[in-house]
Every structure is written in C-alpha cells, then in structure tokens.
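Down below is the structure, laid out as structure tokens.
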Amino acid sequence: MTETRPDRNALTEVVAGCRAAIAPLVLFSMGVNLLMLTTSLYMLQVYDRVLSSRSMETLTALSVIALLALATMAALEIVRGRVLLGVSGWISRRLSAPLLAATVDRAAARPSEPARQPLQDLEQLRNFLTGPGVFPVLDAPWAPIFLAVIFLLHPWLGWMSLIGCILLFLLALLNEAATHAPLDRATRAHGRMRAKAEAAARNAEAVQAMGMLGSLLRHWRAPQSEMVAQQSRASARAGIITAVAKFLRQALQLGILGLGAYLAVREEITPGTMIAASILMGRALAPVEQAIGAWRGMVAARAAFR
C-alpha cells in the first residue's frame with residue numbers, strides 16, 4: 001500500500017490500495033472453506049470404512065489427519081482476521097486526517113450549515129471490516145463448492161440443497177427490499193437530530209438566554225420519534241424474515257436427512273453419505289443465513305462508505 005499522491009482523491013486511493021489485500025483474503029477464505037469439509041469427510045470415512053472393517057489403525061490415522069486439518073483451518077481463520085484488522089487499521093490511519101481536515105474546511109467555509117461527522121462513518125466502516133458481518137461476504141463465493149460435492153454424493157441431495165440456497169437467497173433479497181427504505185429514512189432522521197443538537201450546542205448561550213430550550217426540544221423530538229419508528233419498522237421486518245430463514249434452514253436439514261434415509265434404505269447411498277450431505281448443506285446455507293442476520297450492519301457500512 002503506497003502513500004497517496006496529492007493529486008488523487010484520498011478515498012479512491014484507499015480503495016485502490018485495499019485491492020492488494022483481496023488476493024490473500026480470497027486464498028485464506030478458500031482454505032478455510034475447503035477445510036470445513038473435514039468433519040463431513042471424516043464422518044463419511046468412519047461410517048463407511050471404520051465401522052465396516054473395525055480397523056483401529058484406520059480410525060487413528062483418520063483422526064490424526066482430521067485434527068491436523070482442523071488446526072490448519074483455525075490458523076487460517078486467525079490469519080484472515082489479522083489481515084482484516086490490518087486493512088481496517090490502515091484505512092483508519094489513511095483517512096482520518098483527510099476527513100478531519102475536510103470537516104474543518106467545510107465548517108469554516110459554510111459555518112451556517114450543520115457539521116458532518118465523517119469520522120463516525122469511517123469508524124462504522126472499520127467496525128464492519130473487523131466484525132463478524134464481513135465473513136458471510138468472504139464465505140458466500142465458496143458455497144458452490146459444497147453444493148458441487150453434494151451433487152457428487154447424489155443428484156437428488158444436490159438439487160434439494162440448491163433449491164434451499166436459492167430460497168434463502170430470495171429471502172436475503174426480500175430483506176433488502178423490506179428494510180432499505182425505513183433504514184434510509186432512519187439514517188436521514190438521525191442526521192437531522194444530530195444537526196439540531198450541534199446547532200444547539202454551538203448557540204448554547206443564546207438558547208438559554210432567550211428561553212428557547214423548550215421549543216428546541218420539541219423540534220428535536222420530531223426527527224427522534226421518526227428515527228425510532230423507522231428503526232423499529234425495519235427491525236420488525238428483518239426479525240420476521242430472519243425467523244422464516246431459520247425455519248427454512250432447519251426444515252431443509254430435516255428434509256435432506258429424510259431424503260438421505262430414503263436413499264440409504266434403497267441402498268443408493270450409505271448412511272455416512274446421508275450424514276455428510278446434511279453437514280455440507282448446512283455449510284452451503286450458512287453464509288446466506290448469516291448475511292440475513294448481519295444485513296443491518298452491511299447496510300450501515302454501505303451507507304457510511306457512501
């Protein structure tokens with residue numbers, strides 16, 4: 001990441017510099033998601049090889065390999081988190097000074113306008129990059145790998161998993177459509193609240209001397225009530241969609257176990273394959289379901305970036 005040239009926009013330069021971190025993040029995420037197959041493969045081998053052969057040597061070897069794979073996955077997750085921390089810290093150090101300077105320049109040039117707080121937006125963006133909400137974004141592109149493995153186990157199991165992913169993705173789109181407008185209105189109302197509070201703080205002596213505090217509070221409560229109402233509306237809609245998504249995922253888990261049992265009875269798959277398919281589908285659905293739960297943080301980070 002290089003220093004910004006003075007003739008380029010600071011935010012554009014930071015976005016360009018962050019691209020250097022994309023490649024390692026993609027590689028670490030790929031490793032984490034591939035190693036998440038460890039439990040499924042271990043269970044499949046135990047059911048299909050160890051229990052039938054009663055070989056303790058095979059069980060020991062499989063257990064050692066699985067533990068090493070899980071330890072590697074944990075190490076990759078730690079490194080991935082450290083990379084995100086480094087990127088967020090670099091963004092904060094790179095943009096804090098330009099944003100503060102821009103805020104001061106704007107306040108000096110237009111003292112009558114309400115002051116903006118871009119540093120708070122920067123903190124919102126940094127918190128998103130270092131929080132759990134960013135991981136569904138990194139893990140979602142690898143869901144097709146899990147789906148492909150399920151298709152290899154049995155096409156019927158693959159189609160059920162694919163339909164489940166599509167339904168959850170549609171719920172994520174519905175969540176965006178249902179919450180975008182009220183969250184946007186809540187953000188604007190919060191901006192008006194903040195502007196009124198800043199104006200009152202700047203003119204505190206005049207407000208007290210002229211007895212304007214009561215009127216100011218009445219005008220301040222209007223955007224405050226609107227903000228609370230819009231946030232409540234968005235949260236209620238998101239809560240319903242999150243509950244439906246949770247029910248759908250659990251129903252799909254039951255469904256794939258039932259379908260797997262049916263195929264096992266018909267001797268088209270083994271019991272180990274049935275369990276492995278259930279775990280794999282859970283991993284394929286997890287990023288989409290997590291994204292629905294973290295949608296509010298994603299929307300706030302997107303608004304802060306803009």
Side-chain angles (χ1 to χ4, degrees), residues 24-81 83 132 135-169 246 248-291:
L25 283 174
V26 169
L27 290 175
F28 294 142
S29 297
M30 180 179 67
V32 167
N33 282 274
L34 289 177
L35 290 171
M36 282 180 179
L37 297 173
T38 299
T39 304
S40 300
L41 295 176
Y42 177 78
M43 189 171 296
L44 179 62
Q45 295 301 314
V46 168
Y47 268 90
D48 295 346
R49 293 182 182 273
V50 176
L51 295 183
S52 60
S53 66
R54 300 181 182 275
S55 172
M56 297 306 296
E57 293 80 6
T58 303
L59 177 61
T60 302
L62 288 173
S63 299
V64 171
I65 294 172
L67 287 174
L68 289 175
L70 292 176
T72 304
M73 182 180 69
L76 289 177
E77 287 184 326
I78 292 173
V79 174
R80 184 173 66 169
V83 171
F135 291 115
V137 179
L138 296 174
D139 293 338
W142 309 107
I145 295 177
F146 298 112
L147 292 175
V149 175
I150 298 173
F151 268 104
L152 291 176
L153 296 177
H154 196 282
W156 288 13
L157 299 175
W159 282 114
M160 173 173 280
S161 302
L162 178 60
I163 291 172
C165 283
I166 292 174
L167 290 176
L168 279 180
F169 181 72
K246 185 176 181 180
L248 178 61
R249 181 185 60 78
Q250 293 175 339
L252 287 168
Q253 293 283 162
L254 289 176
I256 200 168
L257 284 173
L259 179 58
Y262 170 75
L263 294 173
V265 169
R266 295 182 56 179
E267 298 185 349
E268 295 187 29
I269 63 172
T270 64
T273 301
M274 173 187 70
I275 301 299
S278 175
I279 296 174
L280 288 170
M281 189 186 70
R283 288 307 317 159
L285 299 179
V288 184
E289 185 184 13
Q290 291 170 3

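In what follows, every heavy atom counts, from backbone to side chain, and hydrogens, waters and symmetry copies are set aside.
Remark: Leu248 CG to Gln253 CD distance equals 10.5 Å, nearest 0.5 Å. To the nearest 0.5 angstrom, Glu57 atom CD is 11.5 Å from Leu62 atom CG. In this structure, CG on Leu259 lies 14.0 Å from CH2 on Trp159, to the nearest 0.5 angstrom. Note that CE of Met43 and OG1 of Thr273 are 12.0 Å apart. Values are rounded to the nearest 0.5 Å. Note that CG of Leu280 and CD1 of Ile275 are 11.5 Å apart. Values are rounded to the nearest 0.5 Å. Distance CG/Leu252 to CD1/Ile163: 9.0 Å, rounded to 0.5 Å.
Atom CZ of Phe151 has more than 12 heavy atoms from other residues, nucleotides or ligands within 6.0 Å.
When all heavy atoms of Ala277 and Ile256 are compared, the pair lying nearest together is O-CD1, 3.7 Å. Between Ser29 and Arg80 the shortest heavy-atom distance is OG-NH1, 3.1 Å. What you find for Cys165 and Ala284 is that their closest heavy atoms are SG-O, 4.0 Å. Nearest heavy-atom pair across Ser161 and Leu147 is CB-CD2, 3.6 Å. In this structure, Leu35 and Thr38 approach most closely via the heavy-atom pair O-OG1, 2.6 Å. Of all the heavy atoms in Asn33 and Phe146, the pair that sits closest is O-CZ, 3.2 Å.
No side-chain N or O of Thr60 forms a donor-acceptor pair with one of Ser63 less than 3.5 Å apart.
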Given the rule in the side-chain contact (heavy atoms from CB on, under 4.5 Å) test, do Met274 and Ile269 qualify, once you have shown the distances and angles that lead to the verdict?
CA-CA 7 Å; Met274 173 187 70; Ile269 63 172; 4.2 Å; yes

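Judged as a side-chain hydrogen bond (donor to acceptor under 3.5 Å, both in side chains), and not counting sequence neighbours, the contacts of Thr58 are Ser55.
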